[in-house]
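The chains referred to below are lettered A, B, ... by the order of the sequence lines, with proteins before strands, and numbering in each begins at 1.
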There are 2 protein chains.
Amino acid sequence: MNKGERKFYNVFTELQCFILANMSRGEVNGVTATHYNIIEYIYRNDKCTGKQVAKAFNISPPAISRQLKFLVENNLIEQKQSSLDRRIFNLSATDKGKFIIDNSENFRERVAKQVSKALTRDELDNLTSLLGKVIGEIVESHT
Amino acid sequence: MNKGERKFYNVFTELQCFILANMSRGEVNGVTATHYNIIEYIYRNDKCTGKQVAKAFNISPPAISRQLKFLVENNLIEQKQSSLDRRIFNLSATDKGKFIIDNSENFRERVAKQVSKALTRDELDNLTSLLGKVIGEIVESHT
DNA sequence: ATAATTAGTTAACTTTGTTAAATATTACCA
DNA sequence: TGGTAATATTTAACAAAGTTAACTAATTAT
């Protein structure tokens with residue numbers, strides 16, 4: 001690794017640690033990160049099925065089944081059996097579920113705001129574009 | 001959020017997803033990410049104690065105790081009772097443990113290399129500096 | 001010398017993932 | 001039309017890794 005790579009490597013490690021530390025097993029609004037992500041998915045994909053959720057999160061149907069059970073019991077999502085195909089249960093976020101998602105967007109928006117406070121507008125655009133290139137390159141080489 | 005912030009927000013989400021997806025519960029060299037991190041810590045902090053490891057990873061002593069047991073049984077680390085204070089066990093990485101860490105550095109180096117391939121030298125320095133500012137700002141506001 | 005503290009372990013429990021098997025429904029075809 | 005195959009979901013049994021509470025052994029302090 002040359003000097004530039006080494007510097008990036010170190011910064012990237014910091015970023016990675018920061019992200020992991022802030023997404024670890026903890027809960028906000030009485031909901032874990034996993035719960036949150038499932039609710040968000042269902043919110044964004046109204047009337048989706050358990051199968052779809054399992055695929056989206058790359059976890060097994062039984063694991064999703066238990067999570068959905070929890071979310072229904074806690075009034076965060078609703079399950080409604082499809083009349084067209086009674087094997088299928090269409091999922092929707094409840095008002096309570098939607099509120100948590102909407103509310104939590106604020107955190108991420110705050111982060112974006114903080115970032116824009118730390119950088120000039122040009123720097124921010126620059127960073128976004130650079131990260132975009134980086135992500136494109138990495139994701140591409142991993143698939 | 002203004003337009004620049006929105007763009008950054010989206011890129012950051014991608015980055016977050018990428019990092020999480022590539023650090024999820026999987027194993028490399030027969031060792032999970034948690035095992036890996038503990039071995040690495042012990043490698044970098046030779047003769048450290050279980051207590052120190054627990055503190056470093058912010059998990060409870062019993063949890064560390066079980067992990068250390070596994071790592072010793074799999075010949076990845078060694079525990080040697082201190083002669084100065086027999087409550088204490090000094091930890092060291094075995095050759096096997098060290099090999100795994102050294103070897104895995106390669107992955108991160110490859111990522112750094114890929115990044116440097118996707119960007120010009122100037123862009124890379126630019127990105128590193130921008131990310132550094134960003135991380136500094138965020139970490140500061142969270143502590 | 002005895003009481004308090006410290007490092008580490010054991011036991012019991014929780015969460016969240018897994019695979020295998022069961023259930024119910026739908027699709028296909030001879 | 002009826003029987004077989006496929007699909008969506010759930011249940012059951014298990015594993016990994018975290019937790020707290022209680023325990024042991026060693027050290028420190030009064």
Side-chain angles (χ1 to χ4, degrees), chain A residues 20-42 45-74 76-92, chain B residues 20-42 45-74 76-92:
Chain A
L20 288 176
N22 283 278
M23 300 205 54
S24 60
R25 57 204 171 274
E27 58 174 58
V28 186
N29 301 314
V31 155
T32 68
T34 304
H35 293 150
Y36 177 88
N37 289 325
I38 295 173
I39 299 167
E40 184 177 36
Y41 181 88
I42 293 170
N45 300 275
D46 196 43
K47 304 208 194 315
C48 62
T49 68
K51 177 103 186 181
Q52 288 172 327
V53 178
K55 194 170 179 185
F57 290 93
N58 194 30
I59 59 180
S60 62
I64 281 298
S65 188
R66 201 185 317 102
Q67 297 286 6
L68 295 181
K69 190 160 174 262
F70 173 89
L71 295 174
V72 167
E73 281 167 358
N74 285 82
L76 293 159
I77 64 164
E78 283 170 336
Q79 253 175 332
K80 188 158 169 275
Q81 192 168 33
S82 164
S83 51
L84 294 152
D85 181 341
R86 283 174 354 225
R87 288 172 302 185
I88 285 172
F89 290 83
N90 292 115
L91 308 169
S92 304
Chain B
L20 289 175
N22 282 278
M23 301 207 54
S24 59
R25 57 202 170 275
E27 59 174 57
V28 186
N29 301 313
V31 154
T32 67
T34 304
H35 293 149
Y36 178 88
N37 289 326
I38 294 174
I39 299 167
E40 184 178 36
Y41 180 89
I42 293 170
N45 300 274
D46 196 43
K47 305 208 193 313
C48 62
T49 68
K51 178 101 186 186
Q52 289 172 327
V53 178
K55 194 169 180 187
F57 290 93
N58 195 31
I59 60 181
S60 62
I64 281 298
S65 188
R66 204 190 309 108
Q67 297 287 3
L68 295 181
K69 189 161 175 264
F70 173 88
L71 295 174
V72 167
E73 281 166 358
N74 285 82
L76 292 159
I77 65 164
E78 284 170 336
Q79 253 174 334
K80 187 158 171 277
Q81 191 167 33
S82 164
S83 51
L84 294 153
D85 182 341
R86 281 167 3 220
R87 288 171 302 183
I88 286 174
F89 291 83
N90 292 116
L91 307 169
S92 305

Within this structure, what is the [atom1]-to-[atom2] distance between [X] and [N], rounded to whole angstrom?
| X | N | atom1 | atom2 | answer |
| --- | --- | --- | --- | --- |
| A/Arg66 | C/dT19 | CZ | P | 13 Å |
| A/Leu68 | D/dA8 | CG | P | 15 Å |
| B/Ile88 | D/dT28 | CD1 | C1' | 13 Å |
| A/Leu71 | C/dT15 | CG | C1' | 14 Å |
| B/Gln67 | C/dT9 | CD | C1' | 15 Å |
| A/Glu73 | C/dT15 | CD | P | 12 Å |
| A/His35 | C/dT16 | NE2 | C1' | 9 Å |
| A/Phe70 | C/dT14 | CZ | P | 14 Å |

[X] has a side chain; which of [options] sits nearest to it?
| X | options | value |
| --- | --- | --- |
| B/Gln79 | C/dT16, C/dT9, D/dA26 | C/dT9 |
| B/Pro61 | D/dA8, C/dT9, C/dT16 | C/dT9 |
| A/Asp85 | C/dT26, C/dT18, D/dT19 | C/dT26 |
| A/Arg86 | C/dA7, C/dT25, D/dT9 | C/dT25 |
| B/Ile59 | C/dA20, C/dT16, D/dG18 | D/dG18 |
| A/Ser60 | D/dT9, C/dT18, D/dA17 | C/dT18 |

* Counting only distance, no hydrogens or angles, is the base of D/dT7 paired donor-acceptor with the side chain of A/Arg87 under 3.5 Å? ->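 Looking at the base of D/dT7, it does pair with a donor or acceptor on the side chain of A/Arg87 (distance under 3.5 Å).
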* Has the side chain of A/Asp85 got a donor or acceptor atom that lies under 3.5 Å from a matching backbone atom of A/Arg87? -> yes
* Main-chain N/O of B/Ser92 paired with B/Glu78 side-chain donor or acceptor, under 3.5 Å ->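 No.
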* Euclidean distance, B/Glu40 CD relative to B/Asn45 CG, rounded to 0.5 Å -> 9.5 Å
* What is the nucleic acid contact for B/Gln81, judged by heavy atoms within less than 4.0 Å: base, sugar-phosphate only, or nothing? ->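 If one applies the 4.0 Å heavy-atom cut-off, B/Gln81 turns out to touch nothing in the nucleic acid.
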* With sugar-phosphate meaning primed atoms plus P, OP1 and OP2, does A/Gln52 contact a base, only sugar-phosphate, or nothing at under 4.0 Å between heavy atoms? -> nothing
* Carefully, step by step, assess B/Ile38 and B/Ile64 under the rule side chain to side chain contact (heavy atoms under 4.5 Å, CB included). => CA-CA 9 Å; B/Ile38 294 174; B/Ile64 281 298; 4.1 Å; yes
* Asked: Would one find a side-chain N or O of B/Thr49 under 4.0 angstrom from OP1 or OP2 of C/dA7?
  -> no
* Quick one: closest heavy-atom pair of B/Gly50 and B/Leu91, and the distance? =>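 The pair with the smallest heavy-atom distance is N-CD1, 3.8 Å.
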